[in-house]
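The structure under discussion appears below in the form of structure tokens.
FYI, side chains are in, hydrogens and waters are out, and symmetry mates aren't considered; it's all heavy atoms of this structure.
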Amino acid sequence: MEFGLSSYFIIGELITCWVSFLICINIFLSFSLYDKRQRFFLYAAGSTLLASFFNIISVYLISHHSQYPISLNSFVTTLYFLVLLICPCVMSCYVFDIAYSDSKKRRLFASIAGIIQIIYMLFVLINIKTGWIFRYDETEGYIRGPLKNITYILSALYGLSIILTITIQRKFMSRRFFYVFMIYPFISLFFVGIQFLFPMVILTGVASFTSVLFAYLTVQSYMIEIDYKTGLLRESKLRKRISMQRKGGALLVIKVEKMNMIQSCLDAKEHNHFLLQLGAIILSYFPKDSYILSSNRFAAIGKNMAEVERKSRTLVTDLKSLSSLMNSIVPIPINCYTAAIEFKREENDLDPLMDVINNMLEKAKKSKDYTFQICDEAVFLDMERKRQIYRILKKELTLDSEKFQVWFQPIYSIQEKKFVYMEALSRLKNTELGDISPAEFVQVAENRGLVERLGFIAFQKVCKFIADNRDIVNTVSINFSVYQMLNPNIVQNVLETIERFGLSPSNIVMEITESIFIDNYDFVMNNMLALTKAGVKFYLDDFGTGYSNLTNVVSLPFSTIKMDRSLVLMMEESDKGKSLFDDLVSTFKGGGFKILVEGVETNSQREHVEKAGVDYIQGFLYSRPLPPEACVELLRKDRQKKA
């Protein structure tokens, strides 16, 4: 079909114009312009659209050259040649951008390609005078010049640069990207060859567009299905794989430890290389069923547990070998936890399987057990217990609950020689599972999103306890979790609760740990200042259990530093430990802080801390945590003794 243009065939160019236009519209409507690499496709498709459009007009003018001025013919054909090689130049820059993580190298190669393109475009412009590429004659019309093949040569050079780049940088690229852009130039070459052999078949736009379309569709599907940094399938593919399975199998999950620390030791290029190597190791064992779940968790599916266990052990060995190879730049051993569970054909939901796996990985992490974890009956029993605890918490986290209780441990003042206040401690008593330890139910509350509610109900119970025992109870301290402190309404909630029970803010001491300030310093500080201004006091809890920033301690409105029991034990171990403890107490006392020491259980420990100059003592030596009534009775007896 000639479409009325003499003997020129332009059907390919017409299709190219239309589909290039659709790609440009798709990129605009999908807001992909925010992605730099998506903009490369926009520039490539846009330049192809212009080239095909000008080519169609140029062919029409060539076919009817006698009807139009030579200047118009020359102008349109010049526009065509000006935009003709923009697409291969842009796609070369796209490959440079993918292949090299070093921004200097990317800019260097892009600059070289840009300079070549500018020189070519200048060459096209001066062609108006020289006629080296083409010229028009009033009698013969369009005449090809002696350098008419320059576009073929430059197209071949751009294609060669793509092949060389991906070949040199192959180890830094995923397999799919490598094969796509290895094929890319040959697709263009195929259509350019047809154009060269059959000049009347217009395929210059088709040559560029077909290659771009192939790359665009492949990369788009790749970005949806595959993580380009590791070459592994995304979690969405794992969900689909599980939901559409025709037979059972075994799900393996690998959790790499300290991934953030590993990343901090590497620059961008080294990190990308590390991820590709990590992905390649997993793919070597599970080539069709390897997945990435998060930055440090990976998954694979095997035929059965025996296969997964066998491959898992050698896979972990290979990961350790990777650690040895990178030891010069990553002085951190690559350790990982692995766990697996068998699933049946009818078990087509990923979430329950992941619940079991996550539970096993968490237990392995706590015990530092790097051996292969297999789901057994104990795992299911533990999960069922956690589900029961969750149901109990949902039911019992109310102000009137008799099973969710707040107990109190009195705190002794060395100077006043009496109990001056007490700490509130949450308890879960007399449930269908019996008494449940705080360590267990608090962990469940954190994992299931109930910890903020737990803390607020405990706070309400504390306020009610103070209100019911005003004659004997003056001040109670209570721990506030990071979840409570990050609530935007924390100040309002605390003050309104205090007011609702007819208390004064001075009746409440809020104990918080320094981990709360990580990434949230300004927000928490402003809330602390507002509550302090209202009369609430703050204690720094668990000092000595981890990293402490003394700048935070000094600049924030803490009235008391609460030293962890580990410092008391350190003090007993050696003279050096005792000296350090004494120095810490002296330093904080010099800064105007009160010192509370918890975990004092013996008279020897009491004597040591008293000599160091601490203000308050909390521990089994004076009292264990007590139910509200027993604690009130203890305070009454203590007051009677002092009277």
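No donor-acceptor distance shorter than 3.5 angstrom exists from the side chain of Ser52 to the backbone of Leu49, with no hydrogens or angles considered. In this structure, Asn358 contributes its side chain and Met354 its backbone to a donor-acceptor pair below 3.5 Å. Remark: side-chain polar atoms of Asn149 are not paired, donor with acceptor, to backbone N or O of Tyr152 under 3.5 angstrom. A distance-only check finds a donor-acceptor pair linking the side chain of Thr314 to the backbone of Lys311 [under 3.5 Å]. When atom types are taken as modelled, the side chain of Thr78 and the backbone of Ser74 share a donor-acceptor pair closer than 3.5 angstrom. For Glu307 (side chain) and Lys303 (main-chain N/O), a donor-acceptor pair under 3.5 Å exists by modelled atom type.
Scanning all heavy atoms of the two residues, the minimum distance from Thr165 to Ala99 falls at CG2-CB, 3.6 Å. The minimum heavy-atom distance linking Phe372 with Ala340 is given by the pair CZ-CB, 3.4 Å. Scanning both residues, Met182 and Ile163, for their nearest heavy atoms gives SD-CG2, 3.9 Å. Of all heavy-atom pairs between Ser92 and Ser161, the closest is OG-OG, 3.6 Å. The two residues Ala44 and Val90 make their nearest non-hydrogen contact at N-CG1, 4.0 Å. Nearest heavy atoms, Cys93 versus Ala113: SG-CB, 4.1 Å.
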Would you sort out whether Ile119 and Leu122 count as a side chain to side chain contact (heavy atoms under 4.5 Å, CB included), showing the intermediate values?
CA-CA 5 Å; Ile119 293 173; Leu122 291 174; 5.5 Å; no

As a quick check of understanding, evaluate side chain to side chain contact (heavy atoms under 4.5 Å, CB included) for Trp132 and Lys148, giving each step before the final call.
CA-CA 7 Å; Trp132 288 339; Lys148 61 182 181 296; over 6 Å; no

Given side chain to side chain contact (heavy atoms under 4.5 Å, CB included), test Cys89 with Ile116 step by step and report yes or no.
CA-CA 9 Å; Cys89 177; Ile116 293 173; over 6 Å; no

Please evaluate residues Leu315 and Phe286 with respect to the criterion side chain to side chain contact (heavy atoms under 4.5 Å, CB included), reporting the C-alpha separation (whole Å), side-chain torsions for both, the decisive distance (0.1 Å), and the verdict.
CA-CA 10 Å; Leu315 188 156; Phe286 302 94; 4.1 Å; yes

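Distance check, rounded to the nearest 0.5 Å: CG of Asp318 to CG of Leu278 gives 11.0 Å. Going from atom OH of Tyr94 over to atom CZ of Phe40 covers 8.5 Å, rounded to the nearest 0.5 Å. For the atom pair Ile254 CD1 and Tyr285 OH, the distance stands at 10.5 Å (nearest 0.5 Å). Atom CG of Leu72 and atom CD1 of Ile57 lie 9.0 Å apart (nearest 0.5 Å). Here Leu50 contributes atom CG and Tyr80 contributes atom OH; the two are 12.5 Å apart, rounded to the nearest 0.5 Å. Note: Leu350 CG to Leu293 CG = 7.5 Å, rounded to the nearest 0.5 Å.
With a 6.0 Å radius and a threshold of 12 heavy atoms from other residues, nucleotides or ligands, Phe123 has its CZ atom above the threshold. Counted within 6.0 Å of CZ on Phe21, heavy atoms from surrounding residues, nucleotides or ligands total 12 or fewer; the atom is thus considered open.
Counting only heavy atoms from C-beta outward, the side chains of Phe298 and Leu252 never approach each other to under 4.5 Å. In this structure the side chain of Ile292 never reaches within 4.5 angstrom of the side chain of Leu233, judged on heavy atoms. For the pair Leu238/Ile301, a side-chain contact is recorded, criterion being any heavy-atom separation below 4.5 Å from C-beta on. Using a 4.5 Å heavy-atom cutoff, the side chains of Ile282 and Leu232 are in contact. Using a 4.5 Å heavy-atom threshold, the side chains of Tyr291 and Glu235 count as separate. Annotation: side chain of Leu251 is not in contact with side chain of Val308 (no heavy-atom distance under 4.5 Å). Side-chain contact between Ile281 and Leu319 is present, with at least one heavy-atom pair separated by less than 4.5 Å. When side chains are defined from C-beta on, Val83 does not count as touching Leu79, because their heavy atoms never get closer than 4.5 Å.
Side chains of Tyr337 and Glu257: a donor-acceptor N/O pair is present below 3.5 angstrom, by distance only. Side-chain N/O atoms of Thr77 and Tyr136 include a donor and acceptor closer than 3.5 Å.
Evaluation of the side chain to side chain donor-acceptor pair (under 3.5 Å) test over residues 115-131, restricted to residues two or more places apart or in two chains, returns Gln117-Tyr158.
Listed by chain and residue number, Arg313 satisfy the salt bridge (charged side-chain N to carboxylate O under 4.0 Å, His left out) test with Glu309 (two or more places apart in sequence, or in another chain). Residues passing the side-chain hydrogen bond (donor to acceptor under 3.5 Å, both in side chains) test with Asn526: none are found, sequence neighbours excluded. Take Lys255 and apply the side-chain hydrogen bond (donor to acceptor under 3.5 Å, both in side chains) test, not counting sequence neighbours, and it matches no residue. Taking the side-chain hydrogen bond (donor to acceptor under 3.5 Å, both in side chains) definition, one finds that Asn487 meets it with Glu452, sequence neighbours left out. Legend: residues meeting side-chain hydrogen bond (donor to acceptor under 3.5 Å, both in side chains) with Ser294, ordered by chain and number and at least two apart, are Asn296.
Using cut-offs of 30° and 60° for the angle between ring planes, the Tyr142 and Phe134 rings count as parallel.
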